[in-house]
Amino acid sequence: MVRAIQVGLGGWGFSWAKEIVPTVERVAPVAYVDANPEAIRRVQTELGVAPDKCFLSLEEAIAKTDADLVLATLRTEAHHPVVGQALDLGFNVLVEKPFASTLAQARDLVARAEKAGRILMVSQNYRHNPAPHKVAEMVANKTLGDVNLVSIDFRKHAPSVGYRFWEMPDPLLADMAIHHFDLMRMVLGDDPKRVSCRTWNTTDSQFVHHPIGVATLEFEKGTVVSYRGSWMSGAQDTAWSGAWSMDCSKGEIWWSSRDHRATGNLPDIVRTRDLSGEADEIALPKLDHLDRAGTLNAIATAIETGRTPPHFSSGQENLLSFALVEATIRSASQAGAWVEIGDL
Ligand SMILES: NC(=O)c1ccc[n+]([C@@H]2O[C@H](COP(=O)([O-])OP(=O)(O)OC[C@H]3O[C@@H](n4cnc5c(N)ncnc54)[C@H](O)[C@@H]3O)[C@@H](O)[C@H]2O)c1
(Lines give C-alpha, C1' and ligand atoms only; values in the text may rest on other atoms or scores of the structure.)
Protein backbone atom coordinates (compact mmCIF):
# COMPACT_ATOMS: atom_id res chain seq x y z
CA MET A 1 0.00 0.00 0.00
CA VAL A 2 1.12 3.54 -0.74
CA ARG A 3 0.69 5.61 2.42
CA ALA A 4 -0.56 9.13 1.71
CA ILE A 5 -0.64 12.38 3.66
CA GLN A 6 -3.28 14.67 2.17
CA VAL A 7 -2.59 18.39 2.56
CA GLY A 8 -5.46 20.80 1.78
CA LEU A 9 -9.02 19.95 2.79
CA GLY A 10 -10.98 22.89 1.37
CA GLY A 11 -13.85 22.55 -1.10
CA TRP A 12 -12.02 20.31 -3.57
CA GLY A 13 -9.65 18.66 -1.10
CA PHE A 14 -12.58 17.46 1.05
CA SER A 15 -14.11 15.91 -2.05
CA TRP A 16 -10.79 14.09 -2.71
CA ALA A 17 -10.83 12.72 0.86
CA LYS A 18 -14.48 11.67 0.70
CA GLU A 19 -15.02 10.50 -2.87
CA ILE A 20 -11.67 9.74 -4.51
CA VAL A 21 -8.98 8.41 -2.14
CA PRO A 22 -11.23 5.61 -0.77
CA THR A 23 -11.78 4.29 -4.33
CA VAL A 24 -8.07 3.72 -5.05
CA GLU A 25 -7.30 0.34 -3.48
CA ARG A 26 -3.52 0.68 -3.43
CA VAL A 27 -3.56 3.98 -1.46
CA ALA A 28 -4.00 4.21 2.31
CA PRO A 29 -4.62 7.70 3.75
CA VAL A 30 -2.49 8.01 6.89
CA ALA A 31 -2.77 11.72 7.74
CA TYR A 32 -4.88 14.78 6.91
CA VAL A 33 -3.49 18.33 7.02
CA ASP A 34 -5.06 21.76 6.71
CA ALA A 35 -4.02 25.09 8.21
CA ASN A 36 -7.68 25.84 8.90
CA PRO A 37 -9.02 24.05 12.02
CA GLU A 38 -12.56 24.15 10.55
CA ALA A 39 -11.43 22.04 7.59
CA ILE A 40 -9.83 19.54 10.01
CA ARG A 41 -13.00 19.37 12.10
CA ARG A 42 -15.02 18.63 8.96
CA VAL A 43 -13.05 15.48 8.04
CA GLN A 44 -13.40 14.30 11.64
CA THR A 45 -17.15 14.89 11.92
CA GLU A 46 -18.25 14.06 8.36
CA LEU A 47 -15.75 11.33 7.43
CA GLY A 48 -15.05 9.91 10.88
CA VAL A 49 -11.27 10.49 10.65
CA ALA A 50 -9.52 9.92 14.02
CA PRO A 51 -8.15 13.14 15.62
CA ASP A 52 -4.64 11.61 15.91
CA LYS A 53 -4.49 11.47 12.09
CA CYS A 54 -5.22 15.22 11.73
CA PHE A 55 -2.67 18.04 11.71
CA LEU A 56 -2.46 21.79 11.13
CA SER A 57 0.83 21.62 9.20
CA LEU A 58 2.83 19.18 7.08
CA GLU A 59 5.74 19.37 9.58
CA GLU A 60 3.51 18.11 12.41
CA ALA A 61 2.12 15.31 10.24
CA ILE A 62 5.57 14.17 9.12
CA ALA A 63 6.87 14.10 12.69
CA LYS A 64 4.17 11.60 13.67
CA THR A 65 3.51 9.60 10.46
CA ASP A 66 5.34 7.34 8.01
CA ALA A 67 4.26 8.02 4.44
CA ASP A 68 5.34 7.60 0.80
CA LEU A 69 3.21 10.24 -0.87
CA VAL A 70 1.99 13.78 -0.26
CA LEU A 71 -1.30 14.55 -2.00
CA ALA A 72 -1.29 18.34 -2.34
CA THR A 73 -4.86 19.57 -2.77
CA LEU A 74 -4.37 23.03 -1.35
CA ARG A 75 -5.00 26.34 -2.98
CA THR A 76 -2.75 27.09 -5.90
CA GLU A 77 -0.69 29.86 -4.21
CA ALA A 78 0.39 27.29 -1.59
CA HIS A 79 1.50 24.63 -4.13
CA HIS A 80 5.08 25.87 -4.51
CA PRO A 81 6.05 26.18 -0.81
CA VAL A 82 4.29 23.01 0.35
CA VAL A 83 5.21 20.78 -2.62
CA GLY A 84 8.82 22.04 -2.45
CA GLN A 85 9.00 21.21 1.27
CA ALA A 86 7.51 17.73 0.70
CA LEU A 87 10.01 16.96 -2.10
CA ASP A 88 12.99 18.21 -0.07
CA LEU A 89 11.90 15.92 2.76
CA GLY A 90 11.92 12.93 0.41
CA PHE A 91 8.23 12.42 -0.41
CA ASN A 92 6.69 11.63 -3.77
CA VAL A 93 4.05 14.25 -4.58
CA LEU A 94 0.78 14.39 -6.50
CA VAL A 95 -0.24 18.06 -6.80
CA GLU A 96 -3.54 19.46 -8.05
CA LYS A 97 -3.58 21.56 -11.21
CA PRO A 98 -2.53 24.22 -11.95
CA PHE A 99 1.00 23.03 -11.14
CA ALA A 100 2.10 26.35 -9.53
CA SER A 101 1.53 30.10 -9.77
CA THR A 102 4.37 30.73 -12.25
CA LEU A 103 6.43 28.74 -14.74
CA ALA A 104 9.57 29.59 -12.73
CA GLN A 105 8.04 27.96 -9.65
CA ALA A 106 7.01 24.88 -11.68
CA ARG A 107 10.55 24.52 -13.07
CA ASP A 108 11.96 24.85 -9.56
CA LEU A 109 9.73 22.00 -8.32
CA VAL A 110 10.77 19.76 -11.24
CA ALA A 111 14.44 20.40 -10.38
CA ARG A 112 13.85 19.66 -6.69
CA ALA A 113 12.02 16.38 -7.52
CA GLU A 114 14.94 15.34 -9.68
CA LYS A 115 17.47 16.24 -6.99
CA ALA A 116 15.49 14.28 -4.38
CA GLY A 117 14.98 11.33 -6.77
CA ARG A 118 11.23 11.43 -6.11
CA ILE A 119 8.18 11.23 -8.39
CA LEU A 120 6.31 14.48 -8.91
CA MET A 121 3.00 14.32 -10.79
CA VAL A 122 0.44 17.01 -11.60
CA SER A 123 -3.14 15.82 -11.28
CA GLN A 124 -4.36 16.55 -14.80
CA ASN A 125 -7.45 14.51 -14.12
CA TYR A 126 -9.15 15.29 -17.46
CA ARG A 127 -6.54 12.99 -19.11
CA HIS A 128 -7.88 9.94 -17.31
CA ASN A 129 -11.15 9.58 -19.18
CA PRO A 130 -12.20 7.28 -22.05
CA ALA A 131 -12.62 9.86 -24.83
CA PRO A 132 -9.17 11.51 -24.67
CA HIS A 133 -7.54 8.05 -24.42
CA LYS A 134 -9.39 6.88 -27.53
CA VAL A 135 -8.80 10.09 -29.49
CA ALA A 136 -5.07 10.11 -28.66
CA GLU A 137 -4.88 6.57 -30.04
CA MET A 138 -6.82 7.50 -33.21
CA VAL A 139 -4.59 10.52 -33.84
CA ALA A 140 -1.40 8.48 -33.25
CA ASN A 141 -2.68 5.81 -35.68
CA LYS A 142 -3.75 8.49 -38.21
CA THR A 143 -7.18 6.81 -38.37
CA LEU A 144 -8.55 9.83 -40.26
CA GLY A 145 -5.18 11.12 -41.50
CA ASP A 146 -3.37 14.22 -40.32
CA VAL A 147 -5.07 16.67 -37.96
CA ASN A 148 -5.09 20.07 -39.66
CA LEU A 149 -7.40 22.22 -37.58
CA VAL A 150 -8.88 21.75 -34.10
CA SER A 151 -11.81 23.85 -32.84
CA ILE A 152 -12.52 23.74 -29.11
CA ASP A 153 -15.39 25.45 -27.33
CA PHE A 154 -15.68 25.60 -23.54
CA ARG A 155 -18.79 27.32 -22.18
CA LYS A 156 -20.11 27.58 -18.62
CA HIS A 157 -22.20 30.21 -16.84
CA ALA A 158 -20.23 30.62 -13.59
CA PRO A 159 -23.09 32.08 -11.50
CA SER A 160 -25.21 29.02 -12.38
CA VAL A 161 -22.58 26.42 -11.34
CA GLY A 162 -21.86 27.73 -7.83
CA TYR A 163 -18.59 29.48 -8.78
CA ARG A 164 -16.76 30.99 -5.75
CA PHE A 165 -13.46 32.50 -6.88
CA TRP A 166 -14.57 35.86 -8.34
CA GLU A 167 -11.26 37.63 -7.52
CA MET A 168 -8.92 34.95 -8.93
CA PRO A 169 -6.44 36.37 -11.48
CA ASP A 170 -6.91 34.84 -14.95
CA PRO A 171 -9.87 32.62 -13.98
CA LEU A 172 -10.13 31.20 -17.50
CA LEU A 173 -6.52 30.85 -18.66
CA ALA A 174 -4.78 29.88 -15.40
CA ASP A 175 -7.44 27.86 -13.64
CA MET A 176 -9.68 26.31 -16.32
CA ALA A 177 -7.96 26.36 -19.71
CA ILE A 178 -4.95 24.48 -18.26
CA HIS A 179 -7.14 21.36 -18.55
CA HIS A 180 -7.83 22.08 -22.23
CA PHE A 181 -4.21 23.05 -23.00
CA ASP A 182 -3.02 19.81 -21.42
CA LEU A 183 -5.60 17.75 -23.36
CA MET A 184 -4.44 19.39 -26.61
CA ARG A 185 -0.90 18.10 -26.03
CA MET A 186 -2.16 14.68 -24.96
CA VAL A 187 -4.52 13.98 -27.86
CA LEU A 188 -2.33 15.57 -30.55
CA GLY A 189 0.85 13.95 -29.23
CA ASP A 190 2.46 17.24 -30.12
CA ASP A 191 3.88 20.33 -28.47
CA PRO A 192 2.96 23.99 -28.95
CA LYS A 193 5.14 26.42 -30.87
CA ARG A 194 3.45 29.83 -30.54
CA VAL A 195 0.19 31.36 -29.33
CA SER A 196 -1.92 34.48 -29.70
CA CYS A 197 -4.70 35.23 -27.21
CA ARG A 198 -7.26 37.92 -26.30
CA THR A 199 -9.35 37.97 -23.11
CA TRP A 200 -12.15 40.20 -21.81
CA ASN A 201 -14.90 40.64 -19.23
CA THR A 202 -18.62 41.26 -19.57
CA THR A 203 -20.21 44.47 -18.28
CA ASP A 204 -22.34 42.60 -15.74
CA SER A 205 -20.06 39.84 -14.37
CA GLN A 206 -18.85 39.49 -10.77
CA PHE A 207 -15.41 38.50 -12.10
CA VAL A 208 -12.67 41.00 -11.24
CA HIS A 209 -10.42 39.57 -14.00
CA HIS A 210 -11.18 38.27 -17.48
CA PRO A 211 -13.46 35.18 -17.69
CA ILE A 212 -13.64 34.98 -21.52
CA GLY A 213 -10.89 34.38 -24.06
CA VAL A 214 -10.04 33.25 -27.56
CA ALA A 215 -6.68 31.84 -28.53
CA THR A 216 -4.92 30.52 -31.60
CA LEU A 217 -2.27 27.91 -30.86
CA GLU A 218 0.20 26.58 -33.43
CA PHE A 219 1.69 23.13 -32.84
CA GLU A 220 5.05 21.77 -34.00
CA LYS A 221 3.63 19.28 -36.53
CA GLY A 222 1.52 21.98 -38.19
CA THR A 223 -1.86 21.59 -36.47
CA VAL A 224 -3.54 24.90 -35.59
CA VAL A 225 -5.95 24.99 -32.65
CA SER A 226 -8.70 27.58 -32.32
CA TYR A 227 -9.75 27.77 -28.66
CA ARG A 228 -12.75 29.69 -27.38
CA GLY A 229 -13.51 29.65 -23.66
CA SER A 230 -16.08 31.44 -21.52
CA TRP A 231 -17.01 31.31 -17.85
CA MET A 232 -19.79 33.83 -18.57
CA SER A 233 -21.59 32.10 -21.41
CA GLY A 234 -25.30 32.60 -21.95
CA ALA A 235 -25.23 29.99 -24.72
CA GLN A 236 -25.74 26.23 -24.38
CA ASP A 237 -23.04 25.02 -21.99
CA THR A 238 -20.47 22.38 -22.96
CA ALA A 239 -18.98 19.43 -21.11
CA TRP A 240 -16.09 20.34 -18.78
CA SER A 241 -13.57 19.08 -21.33
CA GLY A 242 -15.20 21.33 -23.95
CA ALA A 243 -16.58 20.32 -27.35
CA TRP A 244 -13.84 19.32 -29.79
CA SER A 245 -14.03 19.21 -33.57
CA MET A 246 -10.81 17.79 -35.03
CA ASP A 247 -10.67 18.46 -38.73
CA CYS A 248 -8.50 15.78 -40.34
CA SER A 249 -7.47 15.13 -43.94
CA LYS A 250 -9.91 12.17 -44.23
CA GLY A 251 -12.79 13.38 -42.04
CA GLU A 252 -13.72 14.73 -38.62
CA ILE A 253 -13.29 13.44 -35.07
CA TRP A 254 -15.84 15.09 -32.76
CA TRP A 255 -15.61 14.44 -29.04
CA SER A 256 -16.37 15.61 -25.55
CA SER A 257 -15.64 14.27 -22.08
CA ARG A 258 -16.66 14.78 -18.44
CA ASP A 259 -20.17 15.85 -19.35
CA HIS A 260 -21.97 16.17 -16.05
CA ARG A 261 -25.28 16.66 -17.85
CA ALA A 262 -25.05 13.26 -19.53
CA THR A 263 -27.49 10.50 -18.71
CA GLY A 264 -26.23 6.96 -18.19
CA ASN A 265 -22.84 6.30 -16.69
CA LEU A 266 -20.54 7.20 -19.56
CA PRO A 267 -20.48 10.95 -20.16
CA ASP A 268 -17.80 10.71 -22.88
CA ILE A 269 -18.62 10.67 -26.59
CA VAL A 270 -16.41 10.20 -29.68
CA ARG A 271 -17.96 10.40 -33.14
CA THR A 272 -16.34 10.32 -36.54
CA ARG A 273 -17.54 11.39 -39.96
CA ASP A 274 -15.54 10.46 -43.06
CA LEU A 275 -15.37 12.39 -46.35
CA SER A 276 -18.33 10.44 -47.77
CA GLY A 277 -20.42 11.74 -44.86
CA GLU A 278 -20.68 8.38 -43.12
CA ALA A 279 -20.91 8.88 -39.36
CA ASP A 280 -19.82 6.48 -36.64
CA GLU A 281 -20.10 6.40 -32.85
CA ILE A 282 -16.78 5.04 -31.56
CA ALA A 283 -16.67 2.41 -28.80
CA LEU A 284 -14.69 3.72 -25.83
CA PRO A 285 -12.18 1.92 -23.63
CA LYS A 286 -13.14 1.08 -20.05
CA LEU A 287 -10.61 2.59 -17.64
CA ASP A 288 -10.16 0.99 -14.22
CA HIS A 289 -9.80 4.35 -12.49
CA LEU A 290 -11.39 7.47 -13.91
CA ASP A 291 -10.46 11.11 -13.65
CA ARG A 292 -8.89 12.05 -10.25
CA ALA A 293 -8.84 8.38 -9.20
CA GLY A 294 -6.88 7.82 -12.43
CA THR A 295 -4.13 10.26 -11.48
CA LEU A 296 -3.89 8.92 -7.93
CA ASN A 297 -3.77 5.32 -9.16
CA ALA A 298 -1.13 6.26 -11.74
CA ILE A 299 1.28 7.76 -9.19
CA ALA A 300 0.66 4.91 -6.74
CA THR A 301 1.51 2.47 -9.54
CA ALA A 302 4.66 4.43 -10.38
CA ILE A 303 5.76 4.43 -6.73
CA GLU A 304 5.13 0.69 -6.36
CA THR A 305 6.56 -0.51 -9.68
CA GLY A 306 8.98 2.24 -10.73
CA ARG A 307 7.15 2.41 -14.09
CA THR A 308 4.94 5.27 -15.24
CA PRO A 309 1.68 4.33 -17.00
CA PRO A 310 0.75 5.92 -20.40
CA HIS A 311 -0.28 9.60 -20.38
CA PHE A 312 1.48 10.13 -17.03
CA SER A 313 1.56 13.88 -16.32
CA SER A 314 4.85 14.13 -14.45
CA GLY A 315 6.00 17.59 -13.38
CA GLN A 316 8.51 17.58 -16.25
CA GLU A 317 5.82 16.52 -18.74
CA ASN A 318 3.47 19.21 -17.45
CA LEU A 319 5.88 22.10 -18.01
CA LEU A 320 4.81 22.60 -21.64
CA SER A 321 1.10 22.48 -20.76
CA PHE A 322 1.70 24.99 -17.99
CA ALA A 323 3.80 27.12 -20.35
CA LEU A 324 0.64 27.61 -22.42
CA VAL A 325 -0.96 29.33 -19.42
CA GLU A 326 1.92 31.76 -19.13
CA ALA A 327 2.11 32.27 -22.92
CA THR A 328 -1.61 33.01 -23.36
CA ILE A 329 -1.62 35.38 -20.37
CA ARG A 330 1.41 37.21 -21.78
CA SER A 331 -0.14 37.43 -25.24
CA ALA A 332 -3.46 38.71 -23.82
CA SER A 333 -1.57 41.42 -21.92
CA GLN A 334 -0.01 42.51 -25.24
CA ALA A 335 -3.28 42.77 -27.22
CA GLY A 336 -2.87 39.32 -28.78
CA ALA A 337 0.78 39.58 -29.88
CA TRP A 338 2.31 36.21 -30.83
CA VAL A 339 4.28 34.61 -28.00
CA GLU A 340 6.85 31.93 -28.87
CA ILE A 341 6.86 29.07 -26.37
CA GLY A 342 10.62 28.79 -26.79
CA ASP A 343 11.01 32.35 -25.45
CA LEU A 344 9.47 31.52 -22.06
N1 LIG B 1 -8.85 19.31 -11.19
C2 LIG B 1 -9.97 19.98 -11.06
O3 LIG B 1 -10.89 19.80 -11.83
C4 LIG B 1 -10.09 20.97 -9.90
C5 LIG B 1 -11.33 21.45 -9.49
C6 LIG B 1 -11.37 22.33 -8.40
C7 LIG B 1 -10.19 22.73 -7.76
N8 LIG B 1 -8.99 22.25 -8.22
C9 LIG B 1 -7.71 22.66 -7.59
O10 LIG B 1 -7.66 22.19 -6.25
C11 LIG B 1 -6.91 23.09 -5.43
C12 LIG B 1 -7.72 23.41 -4.18
O13 LIG B 1 -8.92 24.07 -4.55
P14 LIG B 1 -10.11 24.31 -3.50
O15 LIG B 1 -11.29 24.70 -4.31
O16 LIG B 1 -10.25 23.17 -2.56
O17 LIG B 1 -9.54 25.58 -2.69
P18 LIG B 1 -10.03 26.10 -1.26
O19 LIG B 1 -9.58 27.51 -1.15
O20 LIG B 1 -11.48 25.75 -1.04
O21 LIG B 1 -9.22 25.20 -0.21
C22 LIG B 1 -7.82 25.28 -0.06
C23 LIG B 1 -7.45 24.70 1.32
O24 LIG B 1 -6.02 24.73 1.43
C25 LIG B 1 -5.71 25.07 2.78
N26 LIG B 1 -4.33 25.59 2.86
C27 LIG B 1 -3.82 26.67 2.22
N28 LIG B 1 -2.50 26.81 2.52
C29 LIG B 1 -2.17 25.76 3.33
C30 LIG B 1 -0.96 25.32 3.93
N31 LIG B 1 0.19 25.99 3.76
N32 LIG B 1 -0.98 24.20 4.69
C33 LIG B 1 -2.12 23.51 4.85
N34 LIG B 1 -3.32 23.87 4.31
C35 LIG B 1 -3.33 24.99 3.55
C36 LIG B 1 -6.76 26.12 3.15
O37 LIG B 1 -6.90 26.26 4.57
C38 LIG B 1 -8.01 25.53 2.48
O39 LIG B 1 -8.74 24.68 3.36
C40 LIG B 1 -6.56 24.30 -6.30
O41 LIG B 1 -5.24 24.20 -6.77
C42 LIG B 1 -7.56 24.18 -7.48
O43 LIG B 1 -7.04 24.71 -8.70
C44 LIG B 1 -8.93 21.38 -9.26
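Both ligands and their constituent atoms are indexed starting at 1 by order of listing. Only a predicted model underlies this, so the values are computations on that prediction, with no experimental measurement involved.
- At a heavy-atom cutoff of 4.0 Å, ligand 1 is contacted by the side chain of Phe165 but not by its backbone.
- Taking the six-membered ring wherever Trp is involved, the centroid distance between the rings of His311 and His128 does not fall below 6.0 Å.
- For the pair Ser313 and Arg127, the minimum side-chain heavy-atom distance is below 4.5 Å.
- Closest heavy-atom approach to atom 1 (N) of ligand 1 within the set Asp34, Val95, Asn125: this belongs to Asn125.
- Counting only heavy atoms from C-beta outward, the side chains of Val150 and Asp247 never approach each other to under 4.5 Å.
- With respect to Asp175 and Lys97, a salt bridge is recorded, a charged nitrogen being found less than 4.0 Å from a carboxylate O.
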**Asked** Going through the checks in order, is the ring-ring contact (aromatic ring centres under 6.0 Å, His included) test met by Tyr163 and Phe207?
**Response** CA-CA 10 Å; Tyr163 193 85; Phe207 281 101; 5.0 Å; yes
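- Distances between N or O atoms of Gly8 and those of ligand 1 include no value under 3.5 Å.
- Other residues, nucleotides and ligands place no more than 12 heavy atoms under 6.0 Å from the CD atom of Glu167.
- Contact annotation: Arg164 has at least one heavy atom less than 4.0 Å from an atom of ligand 1.
- Residue-ligand proximity: Phe14 is placed with every non-hydrogen atom at 4.0 Å or more from ligand 1.
- Closest protein heavy atom to atom 33 (C) of ligand 1: Ala35 N, 3.3 Å.
- Both the sub-6.0 Å distance and the 45° axial angle are satisfied by Arg292 relative to the ring of Trp16.
- A salt bridge links Glu304 with Arg26: the distance from a Lys NZ or Arg NE/NH1/NH2 to an Asp or Glu carboxylate oxygen falls below 4.0 Å.
- Under 4.0 Å is where a charged nitrogen must lie from a carboxylate oxygen, and between Arg185 and Asp190 no such pair does.
- Of all the atoms in ligand 1, the ones that sit under 4.0 Å from a non-hydrogen atom of Asp175 are 43 (O).
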**Message:** Set out, in order, the CA-CA distance, both residues' side-chain angles and the distance that settles ring-ring contact (aromatic ring centres under 6.0 Å, His included) for Phe181 and Phe322, then state yes or no.
**Reply:** CA-CA 8 Å; Phe181 295 154; Phe322 193 60; over 10 Å; no
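- Close contacts between ligand 1 and Gly13 involve ligand atoms 16 (O) [criterion: under 4.0 Å to a heavy atom].
- The Asn36 neighbourhood of ligand 1 comprises atoms 37 (O), with distances under 4.0 Å to a heavy atom of that residue.
- Distances from atom 30 (C) of ligand 1 to the heavy atoms of Val122, Leu74, Ile178 put Leu74 nearest.
- Short contacts between ligand 1 and Thr73, defined as distances under 4.0 Å to a heavy atom of the residue, involve ligand atoms 12 (C).
- Here Asp237 does not pair with Arg155 in a salt bridge; the nearest charged N to carboxylate O distance is not below 4.0 Å.
- Between Arg194 and Glu218 there is a salt bridge, since a side-chain N of the basic residue sits under 4.0 Å from a carboxylate O of the acidic one.
- Those atoms of ligand 1 that come under 4.0 Å of a heavy atom in Pro98, given as number and element, are 43 (O).
- Between Tyr126 and ligand 1, a contact under 3.5 Å exists for no N or O pair.
- Close contacts between ligand 1 and His179 involve ligand atoms 1 (N), 2 (C), 3 (O) [criterion: under 4.0 Å to a heavy atom].
- The contact set between ligand 1 and Ala78, taken as ligand atoms under 4.0 Å from a residue heavy atom, comprises 28 (N).
- Residues Phe154 and His180 place their aromatic rings such that the two centres sit under 6.0 Å apart.
- Given atom 41 (O) of ligand 1, the protein heavy atom at minimum distance is Thr76 OG1, 2.9 Å.
- Atom 21 (O) of ligand 1 has as its closest protein heavy atom Gly10 CA, 3.3 Å.
- Atom 2 (C) of ligand 1 has Trp12 CZ2, 3.4 Å as its closest protein atom, hydrogens excluded (heavy atom only).
- Interface atoms of ligand 1 facing Val82, defined by a heavy-atom separation under 4.0 Å, are 31 (N).
- The heavy atom nearest to atom 27 (C) of ligand 1, considering only Lys97, His79, Arg75, Arg42, is found in Arg75.
- When only non-hydrogen protein atoms are considered, atom 20 (O) of ligand 1 lies nearest to Gly11 N, 3.0 Å.
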